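Since this is a predicted model, take the numbers as computed values, not measurements. In this chain, residues are counted from 1 in sequence order.
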Amino acid sequence: MTETTAGATVWLTGLPSAGKTTIARALAGRLHAEGRRVEVLDGDEIREFLSAGLGFSRQDRHTNMQRIGFVAQLLASHGVTVLVPVIAPYADSREAVRKRHQAHGTGYVEVHVATPVEVCSVRDVKGLYARQAAGELSGLTGVDDPYEAPADPDLRIETHEQSVAESAAALHALLEERGLI
């Protein structure tokens, strides 16, 4: 088993049903098989356990992201590769997380899972797009709430053009190239 002391946060941002969690779990399996310490901080799980009570206003979303960023940076500073598949719709909130990592000398990679909303709405893993279309849900990121796509992510993955395995492999290659795994 490989032992690594360096950790890093891999922040996967994108629309609902873009494939963020699927890619994160595939990469986590590969890293674990390589003997690496890895954790996935799934956005839905964090909302349930760490950010219960927060809504979906801009301020609540920012607070949620900063909480996730704090936990990710803490784990990464202890040698864990932390995969964070969250929507993270606002550029300034993502930048604040990046700056926290930089201030602590912790590795950080931003990945834009750039799946078009038309593809996401067909996948509709949680039924959010259908609920929004039926008028049962408002504030859906990328539909009737803003999503600020990263202008210059460390990696852009277009899941509608490559498989999960190819996406996870591209991310693994980037982490190797940057000396983060």
Gap between atom [atom2] of [Y] and atom [atom1] of [X] - 0.5 Å precision:
X: Leu74; Y: Arg100; atom1: CG; atom2: CZ; answer: 9.0 Å
X: Leu155; Y: Glu110; atom1: CG; atom2: CD; answer: 10.5 Å
X: Ile68; Y: Gln73; atom1: CD1; atom2: CD; answer: 14.5 Å
X: Ser51; Y: Gln66; atom1: OG; atom2: CD; answer: 10.5 Å
X: Thr81; Y: Arg37; atom1: OG1; atom2: CZ; answer: 9.5 Å
X: Leu175; Y: Leu180; atom1: CG; atom2: CG; answer: 6.0 Å

Any side-chain donor-acceptor pair under 3.5 Å between [X] and [Y]?
X: Thr159; Y: Arg123; value: yes
X: Thr9; Y: His101; value: yes
X: Asp144; Y: Ser138; value: no
X: Thr115; Y: His160; value: no

Got [X] and [Y] here, is their nearest side-chain heavy-atom distance under 4.5 Å?
X: Ile23; Y: Leu12; answer: yes
X: Gln132; Y: Glu136; answer: no
X: Ser77; Y: His104; answer: no
X: Trp11; Y: Met65; answer: yes
X: Arg61; Y: Pro89; answer: yes
X: Val122; Y: Glu118; answer: no
X: Pro16; Y: Thr141; answer: yes

- Message: Let's go through Glu177 and His172 carefully: what are the C-alpha distance in whole Å and the side-chain angles of both, what is the deciding distance for side chain to side chain donor-acceptor pair (under 3.5 Å) to 0.1 Å, and is it a yes or a no?
- Response: CA-CA 9 Å; Glu177 173 187 307; His172 189 276; over 6 Å; no
- Item | Audit row: Glu45, Arg25, salt bridge (Lys or Arg N to Asp or Glu O under 4.0 Å) steps and yes/no | CA-CA 14 Å; Glu45 293 171 358; Arg25 296 217 183 277; 3.5 Å; yes
Which atom names give the shortest non-hydrogen contact between [X] and [Y], and what distance separates them?
X: Ala76; Y: Thr106; answer: CB-CG2, 3.4 Å
X: Ala151; Y: Pro153; answer: C-CD, 3.7 Å
X: Leu83; Y: Ala28; answer: CD1-N, 3.7 Å
X: Val109; Y: Arg178; answer: CG2-NH1, 4.4 Å
X: Tyr147; Y: Ile87; answer: CE1-O, 3.4 Å
X: Arg36; Y: Ile181; answer: NH1-C, 3.4 Å

- Item | Salt bridge present between Glu176 and Arg30 (N-O < 4.0 angstrom) |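 Salt bridge flag = no for Arg30 with Glu176.
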- Salt-bridge test for Asp44 and Lys126: reply yes if a basic N is under 4.0 Å from a carboxylate O, no otherwise.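 Salt bridge flag = yes for Lys126 with Asp44.
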Linking I/L/V/M/F/W/Y whenever any side-chain heavy atoms sit under 4.5 Å apart, do [X] and [Y] land together?
X: Val71; Y: Val97; result: yes
X: Val164; Y: Val119; result: no
X: Leu54; Y: Leu41; result: no
X: Val86; Y: Leu50; result: yes

Side chain [X], main chain [Y], donor-acceptor under 3.5 Å:
X: Asn64; Y: Asp60; value: no
X: Arg156; Y: Val113; value: no
X: Asp42; Y: Thr21; value: no
X: Thr13; Y: Ala88; value: yes

- Item | Test: Arg58 cationic atom under 6.0 Å from Tyr90 six-membered ring centre, within 45° of axis | yes
- Task: Validate the cation-pi geometry between Arg47 and Phe56: distance from NZ or CZ to the six-membered ring centre under 6.0 Å, angle to the ring axis within 45°.
- Result: yes
- Over 12 non-hydrogen atoms of neighbours within 6.0 angstrom of CG in Asp92: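 Yes - once you tally the heavy atoms of other residues, nucleotides and ligands closer than 6.0 Å, there are more than 12.
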